[in-house]
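As the structure lists them, so they are numbered: ligands from 1, and atoms in each ligand from 1. In this text the structure is predicted, and so the values were computed from the model without any measurement. This chain uses plain numbering: 1 for the first residue, then up along the sequence. What you see below is based on every heavy atom in this structure, not just the backbone, and it leaves out hydrogens, waters and symmetry mates.
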Amino acid sequence: MTTTETEPTKPRVFSGIQPTGRKTLGNYSGGFRQYVSTQETGDAFFCIVDLHSITVDYDPAELRESTLDLAAMLFATGLDAQRSTVFCQSHVTAHAEAAWLLSAVTSYGQLGRMTQFKEKAEGRDFVSAGLFTYPILMAGDILLYQTDLVPIGEDQRQHLELARDVAERFNHRFGATFRVPGGVFPEIGGRIMDLQEPTKKMSTTLSSEQGAVYLTDSPDGIRKKFRSAVTDSEREVRYDPDAKPGISNLLEIMSVATAEPIAELERRFADSGYGTFKDAVGESVVELLTPIRESYDALRADERELQRLLGVGAEKARRVAEPTIEAMYDRMGFARAAAGRLFGAARPRGL
Ligand code: AQP
């Protein structure tokens with residue numbers, strides 16, 4: 001084990017993203033974009049959280065494909081396999097183990113207050129137990145890596161709060177074991193809204209085709225979606241999320257795409273009609289996403305290389321997670337095999 005793995009001098013960064021559905025501009029803004037900027041400053045781990053994907057109805061064949069889709073998208077948006085550890089959650093069994101152990105210090109009441117659970121459970125005939133316990137798995141994902149910083153969008157704030165509570169409860173009950181992580185939220189674009197229903201977040205699973213912009217949408221498809229984005233009748237390009245959610249969302253999106261401050265955009269489009277403004281927003285997103293889509297297509301075509309990169313990432317992730325999961329078992333009072341983990345590489349003969 002190298003020194004950098006046990007005593008990181010840079011902050012440890014961790015974030016997870018689900019391999020379900022087509023990734024949206026919201027995921028780009030709260031997720032991908034932040035991963036790339038934090039990889040520059042921290043010792044970064046980015047996890048394709050496939051175990052989370054089975055908490056809602058899904059197709060096993062699609063999960064396999066979308067895991068590689070997401071790996072390609074993580075590299076296409078700028079993650080560098082030399083600098084960041086990119087891996088798949090199910091390749092590191094400590095994640096599932098940590099979730100079970102942490103369930104002992106997670107309150108049922110707090111899980112029931114998670115807004116994402118309520119939103120996703122609403123109106124479904126079948127609500128899996130996994131959808132309810134999902135935040136414990138997420139807490140384990142983060143805590144296993146002794147994480148300092150978690151780059152995420154606003155919708156994950158409540159889940160991160162739960163992870164912090166779980167870490168503190170475990171540390172209090174069993175002795176100091178985890179770092180208590182902090183969130184990194186974008187100043188602009190922490191919650192990109194649905195283009196058709198701008199009071200709801202742009203969502204992979206809940207948005208309509210027209211309401212969400214997908215990272216692999218064609219340039220013309222993107223332009224059309226922005227042209228038909230819902231606004232208001234006032235015709236003034238002004239940032240006011242409460243009174244003007246549609247226009248404010250478009251201003252945030254254009255600011256994310258061009259890195260121009262919102263105030264500057266307000267000035268530039270002060271005398272333009274909504275039509276001109278919407279076209280400009282659409283064009284800025286086309287410019288942002290075109291090189292990403294091209295890079296994605298090239299990377300996605302080489303499955304063997306993607307698998308190789310995920311293999312390298314998993315190996316590093318396993319090494320880094322191992323001391324934490326061992327400490328958890330130990331402090332919780334489990335009798336461990338003298339030669340190491342019962343079912344790990346050091347499994348004693350005869351067991
Ligand atoms: N609308 C959003 N605005 C800003 N950030 C967002 N994120 C998601 N939606 C927005 C951020 O993207 C990262 C990955 O999210 P995820 O793993 O939860 O991916 P997902 O479930 O496929 O994405 P959705 O769209 O959030 O799906 P639903 O609504 O089905 O759960 C996270 O950092 C998240 O904050």
Selected option - heavy-atom contact closest to [atom], from [options]:
| atom | options | value |
| --- | --- | --- |
| atom 15 (O) of ligand 1 | L160, N27, T55, I253 | N27 |
| atom 32 (C) of ligand 1 | K201, Q116, Q156 | Q156 |
| atom 17 (O) of ligand 1 | Q18, M138, K23, M202 | Q18 |

**Asked** If you count the atoms of ligand 1 from 1 in the order shown, which ones are under 4.0 Å from a heavy atom of K120?
**Response**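 This gives 28 (P), 30 (O), 31 (O) as the contact atoms.
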**Request:** Could you tell me whether the side chain of Y296 reaches within less than 4.5 Å of the side chain of L215, counting heavy atoms only?
**Result:**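 Contact flag for L215/Y296 side chains = no.
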**Item:** pair K201-E119: side-chain heavy atoms closer than 4.5 Å
**Value:**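 No; the side chains remain at least 4.5 Å from each other.
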Do ligand 1 and [X] have nitrogen or oxygen atoms that lie under 3.5 Å from each other?
| X | result |
| --- | --- |
| T204 | yes |
| Y134 | no |
| I192 | yes |

**Request:** Name the closest protein heavy atom to atom 5 (N) of ligand 1, giving the residue it belongs to and the distance to 0.1 Å.
**Result:**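 Heavy-atom neighbour on the protein nearest atom 5 (N) of ligand 1: G26 O, 3.0 Å.
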**Request:** Looking only at protein heavy atoms, identify the closest one to atom 29 (O) of ligand 1 and say how far it is in Å.
**Result:**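 Checked against all protein heavy atoms, atom 29 (O) of ligand 1 sits closest to S203 OG, 2.6 Å.
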**Asked** So is D155 in contact with ligand 1, going by heavy-atom distances below 4.0 Å?
**Response**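 D155: in contact with ligand 1 (<4.0 Å).
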**Item:** Row check, Y329 ring normal vs R336 NZ/CZ: under 6.0 Å, within 45°
**Value:**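 So R336 does make the cation-pi contact.
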